[in-house]
Amino acid sequence: MKLKREIIERLRCRDNRHIKVLLAEALDVSVSSIPRWIYANESNGKLTTVKALKIISEGLGVPVDEMLVE
């Protein structure tokens, strides 16, 4: 599973920088790692972990089951 294109586009938006910061803190990485992960959008990657999905879901106001695609 990976994130839908619509979710990736919303994460790339500068208005959602706070989500990137929260992801970096929760996953114990630098904020500069997050855009690379967003760009790659790997299947079963770091952004599809339970912790990351919860942060993205709450930040964007989108249920987890509507964020993923195979």
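- The nearest pair of heavy atoms linking Leu27 to Trp37 is CD1-CZ3, 3.6 Å.
- Met67 and Tyr39 are members of different hydrophobic clusters when ILVMFWY side chains are connected at heavy-atom separations under 4.5 Å.
- Looking at Ile34 and Ile19, their side chains never come closer than 4.5 Å, going by heavy atoms from C-beta outward.
- The shortest non-hydrogen separation linking Ile38 to Arg12 is CG2-CG, 3.8 Å.
- Side-chain contact between Leu22 and Lys20: absent, with no pair of heavy atoms (C-beta onward) separated by less than 4.5 Å.
- To the nearest 0.5 Å, atoms CG (Asp28) and OG (Ser33) are separated by 10.5 Å.
- The shortest distance between side-chain heavy atoms of Met1 and Val69 does not fall below 4.5 Å.
- Residue Arg17 qualifies as open at atom CZ: its count of foreign heavy atoms under 6.0 Å is 12 or below.
- Side-chain contact between Val31 and Leu23 is absent, with no heavy-atom pair separated by less than 4.5 Å.
- The distance from the NZ atom of Lys46 to the NZ atom of Lys51 is 10.5 Å, given to the nearest 0.5 Å.
- Lys54 has its side chain out of reach of Val64: every pair of non-hydrogen atoms, C-beta onward, lies at least 4.5 Å apart.
- With contacts defined as side-chain heavy-atom distances shorter than 4.5 Å, the pair Lys2/Asn44 does not qualify.
- Once rounded to the nearest 0.5 Å, the distance linking CD1 of Ile56 with CD of Glu58 reads 11.0 Å.
- Here the side chains of Leu11 and Leu3 are in contact, with some heavy-atom distance below 4.5 Å.
- Residues Leu68 and Lys4 fail the side-chain proximity criterion, which asks for heavy atoms closer than 4.5 Å.
- Checked by atom type and distance alone, the side chain of Ser57 pairs as donor or acceptor with a backbone atom of Val62 at under 3.5 Å.
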